[in-house]
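To start, the structure under review is shown below, and the notes come after it.
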Amino acid sequence: MSNKKERTIIIITALILIALLVFSLFNWSTISYLFKQISSGAGIVKEYVLSLGVTGVIAMSIVIIVCFFFPFISSVPIQLASAVSYGLLWGVVHVTLSIFVASQLAFLFTKSTLFLSSKKKKEEHRLMEEKIKNSNRSIYYFLFLAYLAPFVPFLIIHMVAADSGMKWWKYAIVTLLGPIPDIVITLWAGVKITTSSSPITSYVILMVIIAIVVLSMVYKKKLVDLIFTPKEKNKDE
């Protein structure tokens, strides 16, 4: 995307956000009512989930794991239901452990696929490992940036990690700790929006999230290049 197009999209987004802000100032009673309804709905969800007991924990974990392997289906509503019902801390623990289980299944799937793959696929895998090893940036650098990019599905990140040649115990540590910042930010923002007693707080956080998502999509190509294009070592080293 050219700089001109990027600037155009950013300007349009800024104008839309300003228009929404002006609209909200003149219709704040309606906006405030909507956020209060959302908060009321979150209370109903919490009551229902808690009534399920352990079954609710298991059911939500299964949904999160299934959604992990189908990135076009978002598990964020289920993750948010967990945080709203059990509190932010236990919600983060629950979601993190669910994704960790899914990541181990992804590891087994990736390794078994590679084992059964053709010679061409194995050669491509070897070349990718070599490219990573010859880079000034370690695989952990790529994974760290990828986890922070809102448009990169966890499944892709974990399959890249499993396909990088790292040992299982390193993979387990990385895929356990790596998603935590993203999970904490997502659940914190979600809980604040849906349960905050102040509509203003919910509104501001929502606007910030929209701005971040739009900017990440505008600069998606640059972010992808930054994450997945290794910086080769100098030949003189």
Side chains of [X] and [Y] in contact at under 4.5 Å (non-hydrogen atoms):
X	Y	value
Phe68	Ser98	no
Thr175	Phe107	no
Val93	Tyr86	no
Phe100	Gln104	yes
Val45	Val84	no

[atom1]-[atom2] distance between [X] and [Y], expressed to the nearest 0.5 angstrom:
X	Y	atom1	atom2	result
Ile62	Cys67	CD1	SG	12.0 Å
His158	Leu105	NE2	CG	12.0 Å
Leu187	Thr194	CG	OG1	10.0 Å
Thr96	Trp90	OG1	CH2	12.0 Å
Ile65	Ile99	CD1	CD1	9.5 Å

Contact summary for [X] and [Y], nearest pair of heavy atoms:
X	Y	value
Leu155	Ala106	CD1-CB, 4.4 Å
Val57	His94	O-NE2, 3.2 Å
Lys46	Ser85	CA-OG, 3.5 Å

Check for me, please, whether [X] and [Y] land in the same ILVMFWY cluster - side-chain distances under 4.5 Å, paths through other members count.
X	Y	answer
Ile44	Tyr48	no
Leu108	Trp168	no
Ile157	Val76	no
Phe154	Ile185	no
Leu89	Ile180	no

Exercise for the section: Could you tell me which residues satisfy side-chain hydrogen bond (donor to acceptor under 3.5 Å, both in side chains) with Trp188, sequence neighbours excluded, listed by chain and number? Expected result: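 Counting only residues at least two positions away or on another chain, Trp188 forms no side-chain hydrogen bond (donor to acceptor under 3.5 Å, both in side chains).
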